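This structure is in structure tokens; I'll ask about it shortly.
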Amino acid sequence: MTDTATTNRCYCGCQTAVGYGRTFAAGHDKIAEAAYLAVHHNSSVAELLKSQGFGPDNPVTDAAVEAGAWKKCDHCDYKGAPESIRNHMAKVQKAENTQR
């Protein structure tokens with residue numbers, strides 16, 4: 001990752017001081033992300049994905065699972081970060097218990 005030990009300032013460029021091991025002030029990662037998309041991909045996530053070879057026939061979600069960064073639900077096609085899978089399964093189990 002990035003090294004903030006030498007700057008201790010937010011990476012969006014706002015000059016806000018950030019705590020040790022942090023790269024952004026709260027919420028500023030999304031500001032930087034939006035600015036990057038505006039500069040490089042016409043403010044379009046779809047254009048970003050297309051530029052990297054992803055799209056409907058090559059889903060980035062599949063790549064995240066294959067890379068080991070995300071997981072696929074054992075019971076359906078849902079894909080997400082491990083915490084998202086836990087939340088998803090909790091909702092599924094709650095729904096199943098409600099139906100009984």
Side-chain angles (χ1 to χ4, degrees):
M1 184 57 197
T2 54
D3 176 22
T4 57
T6 57
T7 65
N8 294 322
R9 289 178 287 134
C10 182
Y11 266 56
C12 85
C14 70
Q15 305 303 317
T16 299
V18 295
Y20 180 77
R22 300 193 54 102
T23 51
F24 292 100
H28 289 210
D29 56 330
K30 294 300 180 183
I31 293 169
E33 180 180 45
Y36 180 88
L37 284 173
V39 170
H40 296 285
H41 300 288
N42 199 29
S43 296
S44 170
V45 173
E47 284 190 21
L48 165 67
L49 294 175
K50 185 178 177 185
S51 76
Q52 298 301 308
F54 296 109
D57 296 325
N58 185 28
V60 69
T61 53
D62 288 351
V65 171
E66 289 169 17
W70 276 18
K71 305 248 184 248
K72 182 178 179 298
C73 176
D74 292 332
H75 305 286
C76 69
D77 238 6
Y78 182 83
K79 299 170 190 111
E83 182 62 28
S84 294
I85 294 292
R86 285 190 288 278
N87 292 339
H88 166 74
M89 286 308 303
K91 289 177 186 176
V92 169
Q93 290 169 350
K94 183 177 180 181
E96 288 174 351
N97 289 337
T98 303
Q99 291 176 353
R100 291 182 190 168

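The chain is numbered in sequence order, starting from 1. Because only heavy atoms are used, hydrogens play no part in the values below, and waters and symmetry mates are left out as well, while side chains stay in. Treat the numbers as computed from the prediction; the structure is a model and nothing was measured.
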Quick one: NE2 on His88 to CD on Gln93, what's the gap to the nearest 0.5 Å?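 CD of Gln93 is found 10.0 Å from NE2 of His88.
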
Step by step, would you call Glu83 with Asn87 a side chain to side chain contact (heavy atoms under 4.5 Å, CB included)? CA-CA 6 Å; Glu83 182 62 28; Asn87 292 339; 3.3 Å; yes

Between Glu47 and Lys50, is there a salt bridge with N-O shorter than 4.0 Å?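 Not counted as a salt bridge, because no side-chain N and carboxylate O are separated by less than 4.0 Å.
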
Please determine whether side chain to side chain contact (heavy atoms under 4.5 Å, CB included) holds for the pair Thr23 and Val18, giving the CA-CA distance in whole Å, both sets of side-chain angles, and the decisive distance to 0.1 Å. CA-CA 7 Å; Thr23 51; Val18 295; over 6 Å; no

With His40 via ring-ring contact (aromatic ring centres under 6.0 Å, His included) - residues at least two apart: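 Partners of His40 under the ring-ring contact (aromatic ring centres under 6.0 Å, His included) test: Tyr36.
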
I'd like to know if Val92 and Ile85 are part of one continuous hydrophobic network [Ile/Leu/Val/Met/Phe/Trp/Tyr, side-chain heavy atoms within less than 4.5 Å].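 No; Val92 is not reachable from Ile85 via cluster members.
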
Could you give the side-chain donor-acceptor pairs of residues 58-77 under 3.5 Å, partners two or more places apart or in another chain?
residue : atom : partner : partner atom : Å
Asn58   : ND2  : Gly53   : O            : 2.9
Asp62   : OD1  : Lys79   : NZ           : 2.9
Lys72   : NZ   : Cys76   : O            : 3.0

Closest approach of Phe24 and Cys12, non-hydrogen atoms and distance?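 Taking every non-hydrogen atom into account, CE2-N, 3.7 Å.
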
Which atom pair, heavy atoms only, marks the closest approach of Thr16 to Ala25?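 Closest pair (atom of Thr16, atom of Ala25, distance): CG2-CB, 3.9 Å.
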
